[in-house]
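So that the names make sense, note that chain A is the first sequence line, chain B the second, and so on, each numbered from 1.
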Protein chains: 2
Amino acid sequence: MGTVSKALSLLNYFNLSRQEIGLAELARLSGQNKATVYRHMTELLEHGLVEQVGSDRQYRLGPALIKLSSLREAAAPTREVSKKILQMLNEKTCETSHLSMIAGTQLNVTAYSYSSRHGTRVTMEDAEVISFHSTSSGLAVLAYSEAHFQDQILSRPLEKRTAFTITDPTKIRDMLDRIRDQGCAESVSGFEEDVHSIACPVFNAARDCIGAIAVAAPVARMNTDLKDITKDALFKASLEITQLMGGFPAHDYEALTGRILSTPLSG
Amino acid sequence: MGTVSKALSLLNYFNLSRQEIGLAELARLSGQNKATVYRHMTELLEHGLVEQVGSDRQYRLGPALIKLSSLREAAAPTREVSKKILQMLNEKTCETSHLSMIAGTQLNVTAYSYSSRHGTRVTMEDAEVISFHSTSSGLAVLAYSEAHFQDQILSRPLEKRTAFTITDPTKIRDMLDRIRDQGCAESVSGFEEDVHSIACPVFNAARDCIGAIAVAAPVARMNTDLKDITKDALFKASLEITQLMGGFPAHDYEALTGRILSTPLSG
DNA sequence: AACGACGGTTCAATAAATGAACCGCAACAA
DNA sequence: TTGTTGCGGTTCATTTATTGAACCGTCGTT
């Protein structure tokens, strides 16, 4: 791992619950020498990727990120495009929909949309990081990722988020086979209690899986009818979002969804 | 300059007109060795700050920026806050308003807002880079920056954007003195023909100038009345935005605006 | 006044970045 | 077909930049 990666890794310690971090704490968290962290942060500071705030000179993510993400959005309007498709999804399902994308070995929620149909709903956080093994999105991504990536994820310790989380790599690998057969992944209370989610993969131009689109509902509401509606809508949405990102579905996924979507919707 | 800075500098070559750049071109632009650029881009790639696209594997800004800027926005909601103040500005002036922030030695437009009052209006681009010497925002920032920074900017070649652009560093330094006397900067057709803009500085917690807030109108509409209304609104807005970003105005600016705003508005 | 934790700095030791040359490939021209 | 050019990506000896223990001054607590 190069110096640049070490420096950039420091950015990962900033999240919703830890927005401002001091030098010493950053050194502790990253396990690196304080002087090293200081120099890295200074370089990030010069580029506006972080800024220092307050009398104790804590670091937080910087203003340059706003500019860069604007440019990113101009170059690849994924956010805007995603939003529309997610909205269409929760019109059809009356449930929460979200899009997540692979970033390194993490899976980040990059956009989500709520339905106002029900008083209760599954809620999301901005820029939430979700796990691969315990969410439908993560499983959908894994199922359509290359073996090397699967191994990398599944060889790490798998957090048991709830009493229902499946953490046995062998069982997960079996599930991935079934997901490829069905074209979509399901997770019931694996990441959060009482959340039933269904997800389909999203692909890039090289037909690599780069993320997933999902619908999440309270367990009680996710009955057979809603499942059918959701899966149908998700298949279409995953193809659309893949296309709008300039990607193409994996060949088997393309064939599978082609078959499913050509037959009339029913149980 | 460290390795990290070199790598991060590569991100600066991506802008609105150059959204996708190949390895060779990036090496040429940055004047660095191709292998070096390749390794740096690979590291940025791993962190999702850039991504590769197309058969020619060109680079463009990556999806991680969306996540990071979401987190930045959660930690320091400057964008959201700015928007409201900018909207208030164009309610008062019926003209385009925008906020720009220093990033390194660049000045970036981070937010803008249009008024729907007139059929014609000054338009902006997302993440536009504006020059220091030929815009009211740039001049306002320079006027309230430390001498070292002024020297750095004014010693570079100053682009003559229009027939009216002032590029003589001596004249510009005289202007900066007047700007500090008046508390606001003006630019008439210096950056774009037919645009008259007025700007006030914005400060951080250390009372350093970190950006400017401006109103821009077609030259013909910027009459004495509108100027008065605009300046009054800008003084208030610059203090508000400074405060909302956790900053404090420079002592002289604080005193100046205090005097101006305590006297009744008139010509 | 002594203590510990903080942000920031130093400098010899060393591990990491570097770049010329290279590979294979694709597009194009003769 | 053959030769050329420019591309993305890779190699490895050279060297340059990164590293971390120890340090400084400051601040709040004891």
Could you tell me which residues satisfy salt bridge (Lys or Arg N to Asp or Glu O under 4.0 Å) with [X], sequence neighbours excluded, listed by chain and number?
| X | value |
| --- | --- |
| Arg57(A) | none |
| Glu125(A) | none |
| Asp181(A) | none |
| Asp252(A) | none |

Could you state the atom-to-atom distance from [atom1] of [X] to [atom2] of [N] in whole Å?
| X | N | atom1 | atom2 | value |
| --- | --- | --- | --- | --- |
| Gln32(A) | dA16(C) | CD | P | 12 Å |
| His40(B) | dA16(C) | NE2 | P | 14 Å |
| Leu29(A) | dC6(C) | CG | P | 12 Å |

- When the C1' atoms of the five terminal pairs at each end define the local axes, what inter-axis angle does the helix from dA1(C)-dT30(D) to dA30(C)-dT1(D) show, to 10 degrees? 30°
- Task: Assign a letter to each nucleotide of nucleotides 7-13 of chain D from its 5' end: B, base within under 4.0 Å of a protein heavy atom; S, sugar-phosphate only; -, no contact.
- Result: SBBBB--
- Residues in side-chain hydrogen bond (donor to acceptor under 3.5 Å, both in side chains) with Ser100(B), at least two apart? none
- Task: Indicate yes or no: does Arg72(A) engage Asp126(B) in a salt bridge with an N to O separation below 4.0 Å.
- Result: no
- Task: Ignoring backbone atoms, test whether Lys6(B) places a side-chain nitrogen or oxygen under 4.0 Å from the OP1 or OP2 oxygen of dT18(C).
- Result: yes
- Message: Is the phosphate of dA17(C) approached by Thr3(B) (side-chain N or O, under 4.0 Å from OP1 or OP2)?
- Response: no
- Task: Scan residues 12-25 of chain A for pairs that pass salt bridge (charged side-chain N to carboxylate O under 4.0 Å, His left out), counting only residues two or more places apart or in two chains.
- Result: Arg18(A)-Glu25(A), Glu20(A)-Arg60(A)
Distance-only donor-acceptor pairs under 3.5 Å for side chains of residues 34-41 of chain A, two or more places apart:
none

